[in-house]
Amino acid sequence: PYTVLFENLPAATLPAQRVEITLPLNETVDLDAFTLGDFGFSFVFVDVPEDTNYYYEILPFSYLFGVQVEVEAGVDTAMRKAYWVFQSLDSLTGQPPSDPLAGFLPPNDTASGSGEGFVMFTVFPDSSSQTFDTIDAKASIVFDDNPPILTPMSLLTIDADPPASTIDTVFYNLDSARYQVVLSGTDIGSGLRNYTLFLSVDSSAYEPLLERITVPNVFVDLQIGTTCRFITLARDSVDNVEPEKDSADYVFQPSELVLPIELDEGWNLISSYFTPSTPDMLELLEPIENETVLLKDYQGQAVVPSLGINAVGDWSVLEGYQIKVTQATTLPVVGSPVVPQNTPVPVAEGWQIIPYLKKRPGDLEEELISVNWAIIIVKDNEGRIYFPSLGIDQIGTLEPTQGYWLKSTSQAYLYYSANFTGGGSGEASDRSNSHFDLGGLNTGNNATLILPSGIVLPAMLNAGDEIG
């Protein structure tokens, strides 16, 4: 909508009896779509009905101004101009007043705005107009018999073209544990305002999934095993809407994901940040049953695929496990990722194998901060240790799909940070200690003897010897 403002200047000596406003309408304007808006003057506001293109009324405001006010407004299609005429009328004769002091618009009092007025209107582009054509708006205002006053030129650039949009891809985002939809769009005129994303599941009717989207990436929940068809419709900054589409922008079938756990020949400490869709240990280990000798939990309960023994039961993401394989192989865990910050790991008093629930490496001290007060020692599969009371950290970085022995003084809950925050860069930290050298070969032992640096060793023992 446009607004034209007019004012009887404070320096004027008489009230205005007649104000006439004319506005030329150029060829890009659809005259049939021209509509009048509200208008007002002094302390009067008139609400014009919607879709009005002609208005006439004698306003009975003698008690305010001493005169009635005849108002006529409309559009002259032959002359291609809009007009508004405000005429003071003597309430007795119905004619323009002969008294020069009688008028509807007094000299303006800038504090109250008593000498100000406005008219509003709406125009639309002609159907033949093209994007980047302009609508000019420059009104002429005449007070009584004075010369016309021209308003500044206002230019409206036309956007006649709807926007276009599509969906570039849909994929599972491990950081958010949701499906990510990537949208894109173009508009050659005023620019994109937002998108509406529609979803059809298994050939059902399209329903709005998200509305008024202003970012190119959104996250949604989808059901595994369904066929999801997506459509996006864009809206530009002048409310042009993309036409409806006959086919989907993107078709996606959510399926279960696979987390590969790499195993070295011999013993491994492992964990999973995926919740298995088939948690039974024998079924989970079936892809590598020929290579698997034994799997154990921290209590010593065993799974022996070759004998059909499963004393552990189901795989739990809240635990880590020991597994021995005859050769290097990969254990595929089919399922869905956990949200680490929403998955507290119970820590028992004494020994247990804890899982690492993040998809990226993380700094040990930062990730274990919630239970650091209770930790006596942490060990990895290579025999490296973290011993906080002695300031020893040979591990440095927790690795995805690895398990870790942990001994705790008390029960607690381990809370990992979110996948997209915290943790290290994945590079090993320099955790060498100036007081202890615990180097040596890993022999599969699960105990490390620590001796103070000042102790005198028996003659038959040297640093790095194995006992037992």
Side-chain angles (χ1 to χ4, degrees), residues 259-274 281 284-285 288 291-305 312 315-333 340 345 347-348 350-365 367-368 371 375-388 392-408 414 416 423-424 426-433 436-450 464 466-468:
L259 172 66
I261 299 179
E262 304 295 335
L263 303 175
D264 296 326
E265 180 182 348
W267 283 102
N268 297 263
L269 277 173
I270 62 172
S271 66
S272 170
Y273 57 84
F274 270 35
M281 280 293 189
L284 188 70
L285 294 175
I288 60 167
E291 294 87 4
T292 301
V293 178
L294 179 72
L295 180 144
K296 298 190 301 181
D297 65 11
Y298 76 98
Q299 294 176 318
Q301 300 296 318
V303 180
V304 186
V312 175
W315 183 289
S316 171
V317 295
L318 301 179
E319 297 183 22
Y321 301 95
Q322 285 183 296
I323 185 171
K324 185 176 184 180
V325 292
T326 58
Q327 63 184 40
T329 187
T330 300
L331 171 62
V333 178
V345 177
V347 174
W351 284 101
Q352 72 180 88
I353 306 174
I354 62 167
Y356 180 58
L357 297 181
K358 299 180 65 173
K359 72 168 190 173
R360 295 191 179 96
D363 181 86
L364 181 147
E365 291 185 357
E367 296 297 350
L368 300 186
V371 294
I375 292 175
I376 298 175
I377 190 173
V378 176
K379 293 178 58 179
D380 68 8
N381 192 58
E382 302 300 322
R384 294 183 292 254
I385 66 168
Y386 169 64
F387 208 127
I392 301 172
D393 184 0
Q394 295 181 316
I395 300 173
T397 302
L398 299 179
E399 297 291 339
T401 73
Q402 299 299 297
Y404 297 87
W405 279 105
L406 181 148
K407 187 175 184 181
S408 173
L414 167 58
Y416 287 111
E427 299 179 357
S429 303
D430 181 7
R431 300 287 178 165
S432 59
N433 190 280
F436 297 88
D437 181 5
L438 301 177
L441 298 175
N442 174 34
T443 59
N445 65 311
N446 56 9
T448 300
L449 178 64
I450 301 174
E466 295 182 2
I467 299 175

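Residue numbers start at 1 and run along the sequence shown.
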Quick one, [X] and [Y] - any side-chain contact, counting heavy atoms below 4.5 Å?
{"X": "Y404", "Y": "L364", "answer": "no"}
{"X": "L398", "Y": "L368", "answer": "yes"}
{"X": "Y273", "Y": "K358", "answer": "no"}
{"X": "L294", "Y": "W267", "answer": "yes"}
{"X": "L285", "Y": "I323", "answer": "yes"}
{"X": "V317", "Y": "P355", "answer": "no"}

>> Using side chain to side chain contact (heavy atoms under 4.5 Å, CB included), reason through L295 and M281 one step at a time and then give a plain yes or no.
In response: CA-CA 9 Å; L295 180 144; M281 280 293 189; 4.0 Å; yes
>> side chain to side chain contact (heavy atoms under 4.5 Å, CB included) for I377 and W351? Distances and angles first, verdict last.
In response: CA-CA 9 Å; I377 190 173; W351 284 101; 3.4 Å; yes
For the atom pair [atom1] ([X]) and [atom2] ([Y]), what is the distance rounded to the nearest 0.5 Å?
{"X": "E319", "Y": "I353", "atom1": "CD", "atom2": "CD1", "result": "8.5 Å"}
{"X": "E262", "Y": "T329", "atom1": "CD", "atom2": "OG1", "result": "8.5 Å"}
{"X": "T397", "Y": "E367", "atom1": "OG1", "atom2": "CD", "result": "10.0 Å"}
{"X": "L318", "Y": "L414", "atom1": "CG", "atom2": "CG", "result": "10.0 Å"}
{"X": "I354", "Y": "Y298", "atom1": "CD1", "atom2": "OH", "result": "12.5 Å"}
{"X": "I375", "Y": "K407", "atom1": "CD1", "atom2": "NZ", "result": "13.5 Å"}

Least distance between heavy atoms, [X] atom then [Y] atom:
{"X": "E291", "Y": "Q327", "answer": "CG-CG, 3.8 Å"}
{"X": "V293", "Y": "P305", "answer": "O-CD, 4.5 Å"}
{"X": "N268", "Y": "G266", "answer": "ND2-O, 3.1 Å"}
{"X": "V378", "Y": "I395", "answer": "O-CD1, 3.7 Å"}
{"X": "I376", "Y": "P388", "answer": "O-CD, 3.6 Å"}

>> Exactly one of L259, I288, T292 should register a side chain to side chain contact (heavy atoms under 4.5 Å, CB included) with L331. Which one does?
In response: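 In the set L259, I288, T292, the residue that makes a side chain to side chain contact (heavy atoms under 4.5 Å, CB included) with L331 is I288.
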>> Would you call the rings of Y321 and W315 parallel, tilted or perpendicular, taking 30° and 60° as the class edges?
In response: tilted
> Is the backbone of G403 close enough, under 3.5 Å, to the side chain of N381 for a donor and an acceptor to pair up by distance?
Replying inline: no
>> I'd like to know if the side chain of S271 and the backbone of Y356 have a donor-acceptor N/O pair within less than 3.5 Å.
In response: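 Side chain of S271 to backbone of Y356: a pair is present.
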